[in-house]
Number of protein chains: 2
Amino acid sequence: MILKSQVEWALHCCAILAGLPEGRYLSTKALAEFHGLPKEYLSKALQGLSQAGLVHTTLGPSGGYRLAKTPAELTFLDIVEAVEGKARSFVCNNIRANNPCRPPGYCESDPCAVARIMWEADEAWRQKLRSVRLSDLIETLSKDIPADLWKSSFEWVLERAG
Amino acid sequence: MILKSQVEWALHCCAILAGLPEGRYLSTKALAEFHGLPKEYLSKALQGLSQAGLVHTTLGPSGGYRLAKTPAELTFLDIVEAVEGKARSFVCNNIRANNPCRPPGYCESDPCAVARIMWEADEAWRQKLRSVRLSDLIETLSKDIPADLWKSSFEWVLERAG
DNA sequence: AAAATAGGGATATTTTATATCCTTAATAGA
DNA sequence: TCTATTAAGGATATAAAATATCCCTATTTT
């Protein structure tokens, strides 16, 4: 059970977009080049962000993406779910219903106990992702990354932002 | 990102094995029939439990599986990891290393901040699964399931247990 | 008018999950 | 001892999902 690599891509792209000055846009092409990713496929991830309302887009030259909210208003969960979907990681196939001792016509009302527990764990995962904002990531990154690399990356992006 | 259905199968099978009297064994065939599952493929999940040391096996007629530990010593995480593996759900492909501004020879020491956060969420999921014992599941099931169905299921299993 | 962009449909490739088949070694019971 | 039954595991087949590319359209900037 592994998350799509598009999740990783979307998170890094949002981190870049968070540094974009107000009203400017960065294209798929620039984001793909910056991260060394296939442009066409990355585009699908960005479309996911767009459909979830996390980013704004414009067309034409100097078009591209910008965040639709402030980094403090965007959580990891927002981004992960935009790309990966909101479906729970555990699917209950209700195999207890196949119990040969079950009287005919017997109908279970509640979801089975196994599913409830697995769903609680899934919710714990989501709660953790919900508790981390994009602004928290930026703060951590700015400490992790050497100042000169941070600065040159910012300039690289600005040169390509419409 | 969806867990293998074998995880669900293994959890339900362990719940059945938990009700097995001391020293008796239940075969793949019986477990498959009880849950309406493909016998050969379920066998792979049970092999996972065996390799993880969660169950004991014996060969021959009246052979099969029994728990290697008490239900109170078995957690959901034990069972999930035995079937699904221990790998984290987020894989870091280190795409920040492709940053075109990175000076040649530059080497990142720590895992990237995105990965650290995703791994913390993964750990929250595991911690939740670690906190639930198989005995907790049995307790819940015994309340959820009508007494007569519970009883007849127990008898069904006993008839087939070697 | 021309160039660049996002959106999205169609398709291909690779990987993973699901499922079955078969052989082997061990074991219980007749 | 002989037979039936079992778990283990290798080999293979099928189905589904992830990854990736291509192409067309509408839009927007220059």
Side-chain angles (χ1 to χ4, degrees), chain A residues 1-10 13 17 23-33 35-68 82-85 87 89-91 93 95 160-162, chain B residues 1-10 13 17 23-33 35-68 82-85 87 89-91 93 95 160-162:
Chain A
M1 185 196 58
I2 301 219
L3 287 164
K4 302 180 196 173
S5 54
Q6 300 220 347
V7 169
E8 180 182 19
W9 303 356
C13 285
L17 293 179
R24 303 190 65 180
Y25 292 81
L26 197 60
S27 69
T28 306
K29 186 173 174 238
L31 286 166
E33 189 182 346
H35 294 110
L37 302 174
K39 179 170 90 71
E40 310 270 5
Y41 194 31
L42 171 63
S43 168
K44 306 295 183 186
L46 299 173
Q47 283 173 36
L49 297 178
S50 176
Q51 285 160 12
L54 274 42
V55 297
H56 279 160
T57 70
T58 57
L59 290 176
S62 82
Y65 298 88
R66 66 172 175 83
L67 294 185
V83 172
E84 185 69 38
S89 60
F90 180 86
V91 173
N93 295 112
I95 62 174
R160 286 156 184 86
Chain B
M1 184 197 54
I2 302 223
L3 287 164
K4 303 180 195 174
S5 53
Q6 300 219 346
V7 169
E8 181 183 20
W9 303 356
C13 285
L17 293 179
R24 304 191 64 182
Y25 292 81
L26 198 60
S27 69
T28 307
K29 185 171 173 240
L31 286 166
E33 190 182 345
H35 294 111
L37 302 173
K39 180 170 90 72
E40 311 270 6
Y41 193 32
L42 171 63
S43 168
K44 306 296 185 185
L46 299 173
Q47 284 173 37
L49 297 178
S50 175
Q51 284 161 10
L54 307 186
V55 296
H56 278 160
T57 69
T58 57
L59 290 176
S62 81
Y65 299 87
R66 67 173 174 82
L67 295 184
V83 173
E84 185 70 35
S89 60
F90 180 85
V91 172
N93 296 113
I95 62 175
R160 287 156 183 85

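We name chains A, B, ... by the order of the sequence lines, and we start the count at 1 in each one.
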* Separation of D:dA7 C1' from B:L49 CG (nearest whole Å) -> 13 Å
* Among C:dA17, C:dC21, D:dT19, the nucleotide that comes nearest once only the side chain of B:K4 is considered -> C:dA17
* Asked: Hey, does B:S43 reach any base, or is it just sugar-phosphate, or nothing, if we go heavy atoms under 4.0 Å?
  -> nothing
* Structure fact -> The reported gap from CZ in A:R66 to CG in A:L26 (rounded to nearest 0.5 angstrom) is 13.0 Å
* A:Y41 OH to A:Q6 CD distance, which is reported to the nearest 0.5 Å -> 4.0 Å
* **Phosphate OP1/OP2 of D:dA8: any B:S50 side-chain N/O under 4.0 Å** => yes
* Which whole-number value in Å describes the distance from B:L31 CG to D:dT5 C1'? -> 16 Å
* **Interatomic distance, A:Q6 CD vs D:dT21 P [rounded to whole Å]** => 12 Å
* Structure fact -> Between CG of B:L46 and P of D:dT6 the distance, given in whole Å, is 13 Å
* Would you kindly check whether a donor in the side chain of A:K44 faces an acceptor in the base of C:dG7, or vice versa, at under 3.5 angstrom? => no
* Hey, does the side chain of A:Q51 come within less than 4.0 Å of C:dG7's phosphate (OP1/OP2), counting only N and O? -> no
* Sidechain-backbone polar pair: B:R160 side chain, B:A30 backbone, donor-acceptor under 3.5 Å -> no
* Do A:S43 and A:K39 touch side chain to side chain, with heavy atoms closer than 4.5 Å? -> no
* Structure fact -> Looking only at C:dT18, D:dA7, D:dT21, the nucleotide nearest the A:Y41 side chain is D:dT21
* Atom-to-atom span, CD of B:E40 to P of D:dG10 - whole angstrom -> 15 Å
* **Nearest-nucleotide comparison on DNA chain C, the residue closer to the 5′ end among A:Q47 and A:M1** => A:Q47
* **Interatomic distance, A:K29 NZ vs C:dA3 C1' [rounded to whole Å]** => 12 Å
* Structure fact -> In this structure, NZ of B:K29 is separated from CG of B:L42 (nearest 0.5 Å) by 13.5 Å
* Structure fact -> Here the residues of residues 58-67 of chain B within 4.0 Å heavy-atom distance, strictly under, of DNA chain C are B:L59, B:G60, B:P61, B:S62
* Structure fact -> Separation of C:dT20 atom P from B:L37 atom CG, nearest Å, is 11 Å
* To do: Tell me which nucleotide among D:dA8, C:dA6, D:dT6 gets nearest to the side chain of A:T57.
  => C:dA6
* Verify, without hydrogens or angle tests, whether B:E84 (side chain) and B:L3 (backbone) share a donor-acceptor contact under 3.5 angstrom. => no
* Asked: Can you tell me how far the OH atom of A:Y25 sits from the OG1 atom of A:T57, to the nearest 0.5 Å?
  -> 7.5 Å
* Structure fact -> note: B:Y25, atom OH; D:dA8, atom P; distance rounded to Å ~ 11 Å
* To do: Between B:E84 and B:L42, name the one whose nearest nucleotide on DNA chain C is closer to the 5' end.
  => B:E84
